[in-house]
Amino acid sequence: MKTQILRALGPQERAIAVRRAVALLRAGKPVALPTETVYGLAADALNVSAVLKIFAAKTRPRFDPLIVHLPGRAWLNQVASVEGAALLVVERLIAEFWPGPLTLVLPRRDIVPDAVTAGLRTVAVRISAHGVFRDVIRAFGKPLAAPSANRFGRISPTAAEHVRDELGGRIPLIVDAGLTNHGLESTIVAVRGSRLFVLRRGPITAEQLQRVAPVSFARPGKRVQAPGQLTTHYAPRTPLRLVRRADATKLTKGKRYALLRWAAEDTTRFAEVRDLSARHSLTEAAANLFGALRELDASGVDTIIAEHVPDEELGTAIMDRLRRAAAR
Ligand code: TXA
Ligand code: MG
């Protein structure tokens with residue numbers, strides 16, 4: 001299959017790209033679209049055969065459920081049932097964080113195909129704040145299932161070229177709107193009564209959620225509630241070692257190393273270096289993380305040395321991704 005890449009930066013090219021994307025979605029095809037977090041691979045969430053094409057293109061196992069993106073707030077009660085104590089909490093979360101990088105896991109309604117939720121009785125929903133994604137989903141007029149547009153277990157794409165490297169030849173269209181904004185996948189929260197369970201850390205921090213309702217964290221490992229918790233996720237092909245400070249790290253002679261730097265001063269021992277953020281901004285580090293990892297992975301070194309970032313606020317989500325990348 002030939003993969004078309006349409007740029008959607010200027011208003012005119014954007015209109016053309018949106019029209020093409022909507023036509024393919026209506027025909028039951030999957031399309032890669034930018035969101036504010038990472039690029040997603042979207043298809044008609046209510047069409048089983050379209051949804052199955054997402055799994056096929058990503059080589060994603062059928063037990064890993066997809067996020068359902070909504071065209072607008074009015075769709076929430078069509079796909080999910082929000083009742084009782086959860087009602088107030090969900091209202092407040094939506095008022096604070098939608099559209100945006102927060103995914104809510106709620107009891108599902110029957111309209112959502114089993115293929116989307118992997119048979120779970122819950123459905124993950126969000127509304128994207130990305131202008132291009134919004135234009136496409138509004139014109140399409142129905143929910144879109146959209147996981148990250150990478151092969152299963154690989155690093156999420158933050159640029160159209162990353163999507164091409166992952167899924168080129170397997171999908172008909174990639175809409176290119178440049179780099180994504182946050183660079184990390186959405187925060188996933190299960191709402192159970194008036195309590196929140198963070199299933200995946202992301203751009204909306206625990207501190208922010210805590211202001212709305214009490215927050216706990218799903219125990220990693222054991223029973224997987226969000227396969228975003230699988231340690232095989234976000235893995236570069238090159239072995240990655242997570243260290244506090246690279247300056248103090250012993251390196252083996254004769255091996256080639258790359259450095260994903262937060263604070264190291266001496267970079268002379270490394271064949272390749274990428275800065276997460278020279279000015280120590282966690283927001284910038286999050287936006288740079290996956291692209292830098294991809295480049296270092298492609299650089300042909302033996303090992304990537306990644307430095308800790310402060311394990312607080314957004315840094316917690318970055319550390320979560322780095323730990324998974326290191327765990328192999
Ligand atoms: O930012 C994002 O969330 C991006 C953009 C494209 O929206 N999407 C994304 O999708 O990261 P994906 O499939 O790569 O990650 C979705 C995660 C998976 O780990 C999946 O297991 C979990 O959401 N998930 C989906 N439905 C769920 C459910 N009903 N209960 C628990 N976890 C669920
Ligand atoms: Mg993913």
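When a ligand or atom number is given, it counts from 1 through the structure's own listing order.
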Distance under 4.0 Å to a non-hydrogen atom of Ala124: what atoms of ligand 1 satisfy this?
25 (C), 26 (N), 27 (C), 29 (N)
Look at Arg323 together with Asp311 and state whether they make a salt bridge at an N to O cut-off of under 4.0 Å.
yes
Which ligand 1 atoms, with their elements, are less than 4.0 angstrom from a heavy-atom of Ile188?
17 (C), 22 (C), 23 (O)
Closest heavy-atom approach to atom 12 (P) of ligand 1 among Ala145, Ser148, Ser128 is made by Ser148
Answer yes when Arg126 and Glu185 have at least one side-chain N-carboxylate O distance shorter than 4.0 Å, and no when they do not.
no
So if I count the atoms of ligand 1 from 1 in the order they appear, which ones are less than 4.0 Å from some heavy atom of Thr122?
28 (C), 29 (N), 30 (N)
Looking at Arg154 and Asp297, does any basic side-chain N land under 4.0 Å from a carboxylate oxygen?
yes
Donor-acceptor side-chain pairing of Arg164 and Thr3 below 3.5 angstrom:
no
One finds that the ligand 1 atoms under 4.0 Å from a non-hydrogen atom of His69 are 7 (O)
Mind checking whether the Mg ion (ligand 2) has an N, O or S of Ser156 under 2.8 Å?
no
Taking heavy atoms and a distance under 4.0 Å, where does Arg200 meet ligand 1: side chain, backbone, both or neither?
side chain
Residue pair Glu272 / Ser299, side-chain donor-acceptor N/O under 3.5 Å
no
Closest to atom 13 (O) of ligand 1 (judged by heavy-atom distance), picking from Arg121, His182, Arg60, Lys58:
Arg60
Contacting atoms of ligand 1, where contact means under 4.0 angstrom from a heavy atom of Ile67:
3 (O), 8 (N), 9 (C), 10 (O), 16 (C), 23 (O)
If the plane angle is over 60° it's perpendicular, under 30° parallel, otherwise tilted; pick one for Trp262 and His280.
parallel
Can the ring centroids of Tyr39 and His162 be said to lie less than 6.0 angstrom from one another?
no
Selected option - heavy-atom contact closest to atom 18 (C) of ligand 1, from Asp64, Leu144, Thr37:
Asp64
I'd like to know if Arg108 pairs up with Asp114 as an ion pair, taking the criterion as any Lys NZ or Arg NE/NH1/NH2 lying under 4.0 Å from an Asp or Glu carboxylate oxygen.
yes
Supply the members, apart from Leu88, of the Ile/Leu/Val/Met/Phe/Trp/Tyr cluster built from side-chain contacts under 4.5 Å; use none for a lone residue.
none
Proximal candidate to atom 8 (N) of ligand 1 [heavy atom criterion; set Gly202, Ala146, Ser186, Gly40]
Ala146
What part of Pro65, side chain from CB on, backbone N/CA/C/O, both or neither, has a heavy atom under 4.0 Å from ligand 1?
both
Ignoring hydrogens and angles, tell me if any N or O in the side chain of Asp275 forms a donor-acceptor pair with the backbone of Ser277 under 3.5 Å.
no
Suppose I only count heavy atoms of Leu120 and a 4.0 Å limit; which atoms of ligand 1 are within that range?
28 (C), 29 (N), 30 (N)
N/O to N/O below 3.5 Å, does that happen between Arg126 and ligand 1?
yes
Quick one: does ligand 1 sit under 4.0 Å from the side chain of Leu66, the backbone, both or neither, non-hydrogen atoms only?
backbone
